[in-house]
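Both backbone and side-chain heavy atoms feed into the values below; hydrogens, waters and symmetry mates do not. All chains are named by letter (A, B, ...) in the order of the sequence lines, taking the proteins before the strands, and each is independently numbered beginning at 1.
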Amino acid sequence: MPLHWLVLIVLTLGAVGYIVGRRRAMKSAGGDARFLHSLPAYYGTNVLLVTVVPAILLLIVWLLVQPLVINNQVTGTIPDESIPEGGSLGLVMSDVRRVAEGLDTAIDAGAMSREEAASIRTEVTDVRQRLAEVGVALGSNVRPEVLRAAQQYRSLDATGDLAMTVALLVLALAGFGYGVLRTTKDFRARNVVEKGILALLIGAASIAILTTIGIVLSLIFNTVEFFGLYPAWDFFLGTTWAPSFSGRGGASELGVLPLLWGTLYISIIALLVAVPIGLFAAVYLSEYASPAVRSVAKPLIEILAGIPTIVYGLFALLTVGPLLVDVFGAGGIFGLGWMKGGTAVMTAGLVMGIMLIPFVSSLSDDIINAVPQAMRDGSLGLGATQSETVRQVILPAALPGIVGAVLLAASRAIGETMIVVLGAGAAARLSLNPFEAMTTVTAKIVSQLTGDADFASPEALVAFALGMTLFVITLGLNVLALYIVRKYREQYE
Amino acid sequence: MFDTERAKRDVGMNDIKVAARNVQVYYGDNHAIKDVDVDIEDKTVTAFIGPSGCGKSTFLRCLNRMNDTIDVARIEGEIRLDGEDIYDAKVDPVQLRAKVGMVFQKPNPFPKSIYDNVAYGPRIHGLAKTKADLDVIVEKSLRRGAIWDEVKDRLSEPGTGLSGGQQQRLCIARAVATEPEVLLMDEPCSALDPIATSQVEDLIDELRTNYSVVIVTHSMQQAARVSQKTAFFHLGNLVEFGETGQIFTNPQDPRTESYISGRIG
């Protein structure tokens with residue numbers, strides 16, 4: 001039975017359970033809802049939940065586990081000698097799955113009957129030819145053991161699907177029966193539904209946390225694998241970034257220092273632009289602007305935050321870069337010849353700074369507004385001017401929060417990719433000249449993974465080590481920011 | 001019923017420090033203060049009493065133009081400090097507030113050290129030439145605030161770490177450090193316990209020797225205890241203004257009588 005029918009049946013059963021549960025509760029109270037422990041809807045919801053939730057959970061677990069089990073069983077039937085030289089079991093298994101899918105497609109298209117798909121033999125028929133007719137292209141002729149594995153794969157899959165359908169329906173019906181039987185007027189349906197909602201909320205929180213853990217683990221495993229192929233010492237302390245593109249192994253130099261330097265240099269320039277402008281804008285908006293100006297200006301500044309970073313990248317490449325070349329390039333206004341091309345640290349830094357302005361200003365604005373009015377009154381009441389009040393009372397009081405905002409902006413700057421790819425160039429180098437092209441960790445992760453390098457080579461795996469480095473740096477900054485914000489937050493209480 | 005001992009002690013005439021004539025205050029469309037005329041004498045404690053929302057705090061904030069910071073507030077009429085109209089275009093509200101200090105309902109020390117809290121005003125107005133001068137001003141102000149003995153050994157600790165009563169006395173010390181001529185106090189004891197209240201009241205009585213003090217209070221006992229003159233506000237009107245002893249023992253207006261005997265308010 002197709003999956004969506006199964007889900008629909010379970011949901012319908014749940015809906016019926018809602019109505020039945022509600023009716024039964026009302027009946028047990030003699031038709032008067034005042035004699036019930038809970039409102040009638042709670043009894044219905046209780047039956048709905050015990051019918052649907054366990055069934056859906058079983059479905060999810062089954063869908064995750066079944067492919068693993070089948071894979072294991074089929075793998076066992078493939079003889080070792082059928083694995084080609086230099087290949088791996090995984091490659092053979094992906095062939096198997098591809099053939100199995102091809103047979104499914106052929107049956108759906110009506111080009112093959114079920115029995116034929118189960119009994120077809122390469123010795124008799126050209127399977128590759130038959131599958132190509134229905135639009136499934138295979139890389140090579142189908143070998144007999146692969147075809148047999150694929151057929152076994154299909155039959156196990158069918159058995160599994162059938163078992164799943166039965167188990168699911170039985171569970172849903174059992175839940176339905178249990179829920180309905182428990183429904184009497186003294187049953188505390190309200191409390192049970194409350195617990196169900198609690199479980200739902202915990203589940204949502206756990207998914208977020210588990211995903212984070214999964215991402216971190218995948219980073220760690222791949223990083224460890226990378227350090228097995230390439231010495232960690234050379235990675236962390238190497239001053240040259242020169243991956244070889246010739247394929248596997250060889251003379252790649254994968255030193256992270258030029259990339260880290262590029263990242264830091266661009267981020268520092270971005271913060272030098274964003275922090276003063278953002279902070280002054282926040283002070284204006286929260287302390288000086290009238291409500292009318294504020295209601296217009298604040299959303300306008302925050303529009304900047306809504307612009308996709310790729311658009312900022314285009315702005316850097318097409319507008320800011322050429323403009324800077326006109327000023328600082330050879331034959332420019334000052335005739336300095338510092339800048340050779342439009343892509344440079346300065347270009348990316350300036351544009352990234354603009355991108356961060358709303359980030360800094362809106363966080364700082366919130367923090368400045370959180371400084372109690374009593375502080376302003378106290379200072380103004382002593383005869384201080386508005387700017388003296390801001391400088392000597394409000395900013396010191398808001399400082400921890402502002403530092404937190406700046407650190408969060410720094411994490412964003414360090415993690416930014418598109419502006420760097422388009423604005424800063426792709427040359428990894430250690431230089432102090434801000435008008436030279438450089439590149440960052442993020443931009444290099446993109447270029448290492450989008451090439452056609454073998455995924456098991458150090459040239460590709462280095463991306464995970466770079467990602468891990470970046471992750472540790474931004475995590476550290478975020479933790480520091482949260483620590484500072486928390487430590488000083490309750491100062492006015 | 002009311003202890004008006006301090007009021008009896010001094011009913012002599014002093015110079016008029018602040019003279020308000022025909023003052024109207026509007027918050028948007030709301031007419032908050034109507035036709036208020038009042039003369040506040042030098043070296044005297046004047047108490048403003050009245051039920052909540054009667055406009056006494058609003059009127060107090062007119063005296064140092066703190067209402068300027070509220071966008072919708074509009075003030076008409078005339079308020080003269082030593083004969084000079086404080087709402088004149090020539091007057092700088094910042095300078096005015098240095099002359100007319102203010103202490104707020106809730107203690108509001110800055111998140112700085114005790115020393116820096118007191119030194120804040122003198123630094124802004126350039127009252128001290130040297131660090132030694134500043135030290136002298138800070139000590140003098142803290143002594144006037146009756147808190148010197150409690151904090152002299154921890155001047156570098158944050159002012160927010162003091163107890164509520166100490167914080168309020170610190171705020172009073174901070175206000176007197178700029179050498180104001182008039183000190184406005186907006187319910188200075190409403191956030192304090194009885195012991196701290198009594199300390200602050202004693203302090204107010206001492207401050208009278210140097211300043212003209214105006215205090216807004218909800219406690220009629222407090223008004224009777226600390227003030228020489230009392231003004232009773234009701235619904236934005238100044239109902240009665242006179243010597244404290246007379247207001248509390250022989251009020252002329254029936255509304256005043258109802259209020260102090262607890263029938264309205």
Side-chain angles (χ1 to χ4, degrees), chain A residues 279 283-298 364-405 483-493, chain B residues 57 60-61 63-72 92-113 116-127 141 158-161 167-168 170-180 183-186 191:
Chain A
L279 199 54
V283 167
Y284 171 71
L285 283 179
S286 59
E287 296 297 316
Y288 290 86
S290 68
V293 173
R294 189 182 150 87
S295 69
V296 175
K298 199 170 152 89
S364 309
D365 184 53
D366 291 344
I367 292 154
I368 290 172
N369 273 326
V371 175
Q373 181 63 28
M375 295 292 142
R376 297 182 182 89
D377 285 348
S379 174
L380 293 174
L382 288 169
T385 63
Q386 219 163 354
S387 75
E388 284 164 346
T389 304
V390 168
R391 207 169 54 236
Q392 301 195 25
V393 175
I394 294 176
L395 287 185
L399 193 63
I402 291 170
V403 170
Y483 170 76
I484 290 175
V485 170
R486 282 218 186 116
K487 183 166 179 199
Y488 296 97
R489 183 160 51 188
E490 283 158 350
Q491 205 169 22
Y492 331 111
E493 300 305 314
Chain B
S57 292
L60 188 77
R61 289 167 68 96
L63 300 181
N64 69 344
R65 292 187 61 172
M66 279 299 277
N67 283 332
D68 290 13
T69 59
I70 300 168
D71 291 322
V72 292
D92 175 8
V94 171
Q95 286 302 316
L96 172 74
R97 287 181 202 136
K99 271 198 267 179
V100 184
M102 188 156 192
V103 175
F104 295 85
Q105 182 170 1
K106 219 179 130 205
N108 58 348
F110 302 133
K112 298 169 179 286
S113 72
D116 287 336
N117 260 285
V118 180
Y120 184 78
R123 277 189 181 135
I124 281 179
H125 300 293
L127 299 184
S141 308
T160 44
Q167 286 189 8
Q168 193 62 302
L170 174 65
C171 291
I172 294 172
R174 187 176 70 183
V176 302
T178 50
E179 299 286 340
L183 197 56
L184 309 176
M185 297 183 155
D186 189 355

Trainee: Among B/H125, B/K99, B/M102, who wins on heavy-atom pairs under 4.5 Å with chain A?
Mentor: B/H125
Trainee: Enter the distance from A/T389:OG1 to B/Y120:OH here, rounded to the nearest 0.5 Å.
Mentor: 4.5 Å
Trainee: Which atoms of B/F104 are under 4.5 Å from chain A, going by heavy atoms: the side chain, the backbone, both sets, or neither?
Mentor: side chain
Trainee: So do B/I124 and A/L382 actually touch side chain to side chain, heavy atoms under 4.5 Å?
Mentor: no
Trainee: Please report the shortest heavy-atom distance between A/Q392 and B/K112, naming the atom on each side.
Mentor: O-NZ, 2.6 Å
Trainee: In terms of heavy-atom proximity below 4.5 Å to chain A, should B/V100 be classed as side chain, backbone, both, or neither?
Mentor: backbone
Trainee: Working to the nearest 0.5 Å, report the span between CD of A/Q373 and CG of B/N108.
Mentor: 10.5 Å
Trainee: Which heavy-atom pair separates B/P111 from A/M375 by the least distance, and what is that distance?
Mentor: CD-SD, 3.6 Å
Trainee: Any side-chain heavy-atom pair from B/K106 and A/D377 closer than 4.5 angstrom?
Mentor: no
Trainee: B/P109 versus chain A, heavy atoms under 4.5 Å apart: side chain, backbone, both or neither?
Mentor: backbone
Trainee: Out of B/R174, B/R65, B/R61, B/Q105, which one racks up the most heavy-atom pairs below 4.5 Å with chain A?
Mentor: B/R174
